[in-house]
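Keep in mind that this is a model prediction, so the values were computed, not measured. A, B, ... follow the sequence lines: proteins, then strands. Residue 1 opens every chain. All heavy atoms count here, side chains included; hydrogens, waters and symmetry mates do not.
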There are 2 protein chains.
Amino acid sequence: MRQDNRLPRVLHALLHLNEMTNPATSDQLAGMLNTNAAVVRRTMSGLREQGLVTSMKGHGGGWFLAKPLSEITLADVYEALGAPRLFALGCGDDTSSCLMEQAANSATAKALQAASDTFIASLSTVTMADIAKDFEAKMLELGLPTNDFSYQSGKYK
Amino acid sequence: MRQDNRLPRVLHALLHLNEMTNPATSDQLAGMLNTNAAVVRRTMSGLREQGLVTSMKGHGGGWFLAKPLSEITLADVYEALGAPRLFALGCGDDTSSCLMEQAANSATAKALQAASDTFIASLSTVTMADIAKDFEAKMLELGLPTNDFSYQSGKYK
DNA sequence: GAATCATGTAACTTGAGTTGATACGTGATT
DNA sequence: AATCACGTATCAACTCAAGTTACATGATTC
C-alpha cells in the first residue's frame, strides 16, 4: 500500500491555521501542503466533524481553528481522521481452523497490539501547542523572527 | 497498500516444520498456508539466508528447521523477512524547507518510532517455542492428542 | 438579483507493493 | 534418463491513499 501521510499533513495544516488571522482557503492550504484543494477538503472534513476546525463558505470563507492548539492532542487528530489503519503488516486470517495458524496469528497480533497501544499513548501525550512550541524554538535558534511565516519566498504571507 | 501477511504466514510454516520428520516440500507448505509453492519459496528464502531453515533439492528434498524453535525469536523471523515496512502511515517528507512541516513530521515520526520500538521489543521476547507451547496447551484444552497434526481432514499427516 | 468566491462531494485515474499464477532453469535422487 | 523439488523471473490482480476534474450549493459583494 502506498503510504498514508494524512496525519503529518493535517498537523502541518493546523500549525499554519494557528498563525493566520483570516480563514485559510483550501487553495491556500493546498499550496502550503503541496497538494490540491480537493485533497485538503477531503482530509480536513474529519477534523471539522470532530469540532477541531470550522469551515465557512463564500467570500472570506475558509478554514480556521475551532479551539486553541493546547486543547488538541495528536491522538484527537488521529481519531478525527478516522483512526486510519496504522500497520502495513497484518496478523493473518482469524477464521482459520488450523490451531497452529491461530497460534501464529495470535502471536503476531499481540506484538501489533502492543505497538498500537504505544502509538496511541505517544500521540495522547502531545498537544498541537507542544509542536508549535518546538517550531518556535527552532525559529529562534535559526535567528528568524517568529512572526515570519513566509517559509517559501513569502508566497503565502 | 494491501496487507503484508508474511510474518504470521512464516510463523505458521515454522510451527508445521517443527512437527514434521521429513522435509516439507513447497507444495505441502503451500497447502498448509493456503497459497502456492512459488509464494512459499519466495517468502522462505530470507529465512534460509539467515540460517533459520534449510532447503534441499531433489527427491526427498524440501524445507526443514536449521535450529530448534527455542533458538528462534519472532524478531529473528521478522528480520529474516527483510524487516518489511511496519506502518501504513508515513511521517511525511523530510526534505521540506517549511519549519512547520518539519515540526509536524518530527512529531509523527516520534510516535511511529516509539511504536516500532515496542513492536521489535515485543517480538524479541517471544521465541517460536513459546508459540508452539501455546499451541500444545490449546490442543490439550480441546482434548486433542498433541501429536495429531491432521488439522484438515488429515490431509497433511 | 447577478456575479463571484469557496466549500461539499462524487467519479475516475494513478502509484506502490504484496499476492497469485505460470514458466523454466538447475541440482539431486532414483 | 527420468523425476522430483528448489530457484528465479515475469506478469496480472487487488487494495487504498493521493491526485485530478467536475459540478452543485451556499455566502458574500456589488
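A straight line from CZ of Arg85(B) to P of dG17(C) spans 7 Å, rounded to a whole angstrom. Between the CZ atom of Arg41(A) and the C1' atom of dT25(D) there is a distance of 12 Å, rounded to whole Å. At whole-Å resolution of the value, CG in Asp27(A) and P in dC5(C) are 11 Å apart. Going from atom CG of Leu29(B) over to atom C1' of dA5(D) covers 12 Å, rounded to whole Å. Rounded to a whole Å, the CG atom of Asn22(B) is 14 Å from the C1' atom of dA5(D). In this structure, Asp93(A) atom CG and dT19(C) atom P are separated by 13 Å, rounded to whole Å. If you measure from atom CG of Asn36(B) to atom P of dA5(D), you get 16 Å, rounded to the nearest angstrom. Protein atom CE of Met44(B) is 15 Å distant from nucleotide atom P of dT8(D), rounded to whole Å.
The other residues sharing a hydrophobic cluster with Phe64(A) are Met56(A), where clustering joins ILVMFWY side chains under 4.5 Å apart.
The shortest heavy-atom contact between Ala24(A) and Met20(A) is CB-SD, 3.5 Å.
Checking dG20(C), dA18(D), dT18(C) against the side-chain heavy atoms of Arg6(B) singles out dT18(C) as nearest. The listed nucleotides are dG7(D), dA18(D), dG20(C); the one nearest the side chain of Asp4(A) is dA18(D). Nearest to the side chain of Ser26(A), among dG19(D), dT7(C), dG20(C), sits dT7(C).
Taking a 4.0 Å limit (strictly below) on heavy-atom distances, residues 46-57 of chain A reaches DNA chain C at Arg48(A), Ser55(A), Met56(A), Lys57(A).
In this view, Lys57(B) satisfies the side chain to side chain contact (heavy atoms under 4.5 Å, CB included) rule with no residue, not counting sequence neighbours.
Within the 4.0 Å cut-off from OP1 or OP2 of dG7(D), not a single side-chain nitrogen or oxygen of Arg42(B) is found.
Nearest-nucleotide mapping onto DNA chain C: of Ala38(A) and Gly60(A), the residue sitting toward the 5' end is Gly60(A). Taking for each of Gly58(B) and Thr35(A) the nucleotide of DNA chain D with the nearest heavy atom, the 5'-most of the two is the partner of Gly58(B).
Two residues are said to be in side-chain contact when any heavy atoms from C-beta on lie closer than 4.5 Å; Thr25(A) and Trp63(A) fail this criterion.
Using cut-offs of 30° and 60° on the angle between ring planes, the pair Phe87(A) and Phe87(B) is parallel.
Tyr78(A) contributes a side-chain N or O that, together with a main-chain N or O of Pro84(A), makes up a donor-acceptor pair within less than 3.5 Å. Proximity of a side-chain donor or acceptor of Ser116(B) to a complementary backbone N or O of Leu112(B) within less than 3.5 Å is not detected.
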